[in-house]
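Step one of this worksheet: look at the structure below.
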Amino acid sequence: MAGIIHRLAFERPIFELEARLEKLESSADSVVDAHDEIRRLRVELSRLKRKIYSELKPWETVQVARHPDRPMTTDYLELAFEEFVELHGDKAFSDDRAIRTGFAKLDQYKVMVIGHQKGKTLKERNACYFGCAHPEGYRKALSKMKLAAKYRIPVICLIDTPGAYPGIGAEERGQAQMIANNLFEMSRLPTPIICVVIGEGGSGGALGIGVGDRVAILEHAYYSVISPEGCAGILWKSGAYAEKAAEALKLTSKDLYRLGVVDDVIEEPLGGAHRDPHLMASRLKMYLLQQLRQLVDRPTDALLEARYQKFRAMGVFLEGGVPDGQPGETTTNDAAVTPSSDARR
Amino acid sequence: MVSHKSHAPTKPKRGVPEGLWKRCPGCQATIFRKEAEKRLGVCPECDYHWYVSARQRVEQLLDEGTFEEWDAQLEPTDPLGFADRKPYHERLKSEQSRTGLREAAVTGTGMIRARRVAFGVTDSAFIMGSMGSVVGEKLTRLIERATEQNLPLIIISGSGGGARMHEGILSLMQMAKVSAALARYDKAGGLFISVLTNPTMGGVAASFASLGDVVFAEPKALIGFAGPRTIKATIRIELPKGFQTSEFLLEHGFIDRIVRRSDLKSEIARTIDYCGK
């Protein structure tokens with residue numbers, strides 16, 4: 001996608017093998033028996049990718065989620081949706097470029113897409129504060145969601161932010177208030193909402209467009225109460241402990257599914273979404289279509305009741321020291337998770 | 001999520017009996033403790049509103065003997081097996097013995113000038129008053145009961161910690177859970193008075209604390225989304241004086257009234273009366 005190839009440290013064996021393979025392939029004409037070797041290397045390469053990516057440590061997952069070539073909202077709009085009619089502005093302050101909003105078509109469905117955008121070029125990244133939205137971004141998102149709800153157009157939220165922007169202007173214009181408003185209104189928005197964490201699910205900035213009937217996550221994305229660096233800075237008193245914090249926070253798709261916070265994990269192409277954005281987009285599209293089919297005809301009352309109960313069940317605690325069988329209230333850590341996603345549907 | 005220096009009483013001077021005098025965090029003056037307590041924990045010199053515990057809040061705001069606690073049996077656990085420099089389960093134990101609280105929130109019902117209310121308070125001494133599963137659950141149950149019993153709802157926030165890191169994503173989800181309960185309470189016509197005290201930050205500010213039908217703040221409280229240190233580290237310029245205080249929020253239009261602690265009870269009662277609750 002970009003001119004430069006970004007390499008993550010743990011991907012080094014993959015790149016080395018790819019280089020060897022490439023060299024061999026380019027000289028294959030002159031070397032007769034290279035074909036077997038090429039075939040062997042190809043098998044080895046996909047085995048290696050599978051191995052490395054199936055054993056990613058939480059901190060490595062964070063790096064994949066932040067990969068500069070990782071597909072963003074605008075990529076999915078291009079690859080998975082037929083059309084995107086951007087609707088700008090919050091009608092109060094400005095048009096936050098860190099959140100894109102507009103009508104889109106997904107096969108036969110008309111939808112409203114709300115998505116964080118980090119930006120591709122340096123210029124675009126600066127314009128959208130690297131995906132960190134200001135209060136006007138959250139206000140814009142809510143006004144477009146309300147527009148969608150008026151005509152019962154389903155809302156699709158694509159989450160990809162390091163967090164809401166921490167700055168003077170953001171505080172002056174009510175960052176906390178705008179995120180709170182979104183949680184409040186999204187919980188009762190009378191139209192289906194499907195949220196997918198496509199990269200970084202950074203804290204309140206992610207949750208601000210993250211309340212829905214379905215919450216899914218891409219396999220190597222993460223979703224966390226705070227960035228590993230921020231957590232390390234506060235609890236370990238040094239950002240250098242980010243790797244430890246990433247482990248402690250249980251922020252990977254596997255952990256989130258186990259904790260009952262996400263309903264579904266969408267599998268990524270071998271070696272991560274950035275290695276095959278087309279395949280990733282088609283899987284995302286398939287998932288969205290599948291969920292839309294389930295949700296569009298559901299009566300609004302039933303939809304909102306299920307949405308309420310879904311979030312109502314989240315949390316783990318003890319009640320009088322004994323498990324009382326209520327959802328989400330158990331004693332042991334292993335069993336201490338909210339009901340499975342199937343039960344919540 | 002937001003780090004913030006605690007306003008626990010500073011050590012008294014050498015030679016002074018423990019607890020007789022207190023140094024005011026606002027003006028650094030040494031204040032006779034009894035005098036400050038008589039003024040509900042407000043410095044007689046500079047009007048700085050000191051930290052008061054959840055129990056003291058109950059005493060200060062509810063009519064004597066009317067408080068009936070709800071869900072006191074709820075206790076935190078360690079769903080992630082979280083450990084930073086200290087395991088979370090140990091931290092919980094030491095916070096519990098230090099504060100005498102099971103968790104950072106106390107909820108229940110009582111009377112304010114003979115008006116029955118649903119009442120909740122978060123105590124910033126317990127892991128910065130941060131919201132984990134128990135705080136989220138207690139507040140949600142409080143709101144649901146206020147909805148069922150048609151009671152006005154008062155929540156006093158003192159949470160420098162926002163969403164509690166030690167319970168990870170589950171803490172973040174409490175923001176959605178409590179806000180959803182408030183949306184139902186709103187639909188049922190409830191009156192929610194949110195009182196912001198020092199400090200109210202992060203995920204608490206970005207959920208229930210900001211969702212009051214009427215929002216009060218005590219003077220000079222630190223209120224905001226991102227912590228001042230985080231902002232400073234991001235933008236690398238000095239923050240303006242008075243940034244993220246109650247007065248700053250009032251000026252920018254995010255709170256209805258700044259209310260001194262001594263007036264809080266009567267202001268709450270008056271608002272309930274205006275709304276016919």
Any side-chain donor-acceptor pair under 3.5 Å between B:R164 and B:S171? no
Please classify the contact between B:F243 and chain A as side chain, backbone, both or neither, with a heavy-atom cut-off of under 4.5 Å. side chain
Below 4.5 Å from any heavy atom of chain A, which atoms of B:A83 appear? Answer side chain, backbone, both or neither. backbone
Just so I understand: if I count every heavy-atom pair under 4.5 Å between each of A:V211, A:L256, A:L249, A:I168 and chain B, which residue has the most? A:I168
Using every non-hydrogen atom in the two residues, find where A:C195 and A:G210 come nearest and quote the distance to one decimal. SG-C, 3.6 Å
Measure A:M178 against the heavy atoms of chain B and call it side chain, backbone, both or neither at under 4.5 Å. side chain
Please rank A:G201, A:A180, A:G167 by heavy-atom pairs under 4.5 Å with chain B and give me the top one. A:A180
Below 4.5 Å, heavy-atom pairs only: which of B:K177, B:E167, B:R184, B:H166 has the largest tally toward chain A? B:R184
Does any non-hydrogen side-chain atom of B:D84 lie less than 4.5 Å from one of B:R91? yes
Modelled atom types, side-chain donor and acceptor of A:S224 and A:K250, under 3.5 Å: no
Pick one of side chain, backbone, both or neither for A:L251, based on which atoms fall under 4.5 Å of a heavy atom in chain B. neither
Non-hydrogen atoms of chain A under 4.5 Å away: do they reach the side chain of B:I169, the backbone, both or neither? both
Residue pair A:N181 / A:E185, side-chain donor-acceptor N/O under 3.5 Å: no
Please look at B:E103 and chain A and tell me whether the side chain, the backbone, both or neither of the residue comes under 4.5 angstrom of a heavy atom of that chain. neither
No-hydrogen, no-angle side-chain donor-acceptor test under 3.5 Å, B:T122 and B:S159: yes
Contact winner vs chain A - B:V134, B:D186, B:L249, B:I237, heavy-atom pairs under 4.5 Å: B:D186
Side chain from CB out, backbone as N, CA, C, O: work out which of these in B:S207 comes under 4.5 Å of a heavy atom of chain A, or both, or neither. both
Applying a strict 4.5 Å limit to non-hydrogen atoms, the region of A:R307 in contact with chain B is neither
Test applied, side chain to side chain contact (heavy atoms under 4.5 Å, CB included); reference residue, B:V215; option that passes from B:I223, B:L250, B:D256, B:I193: B:D256
Given the options A:E171, A:R173, A:Q175, A:Q177, which has more heavy-atom pairs under 4.5 Å with chain B than any of the others? A:E171
Note, B:Q96 side chain near B:P76 side chain (heavy atom, < 4.5 Å): yes
Proximity breakdown for B:A209 and chain A, heavy-atom pairs closer than 4.5 Å: neither
Would you call B:E137 and A:R312 a salt bridge, taking side-chain N to carboxylate O under 4.0 Å as the test? yes
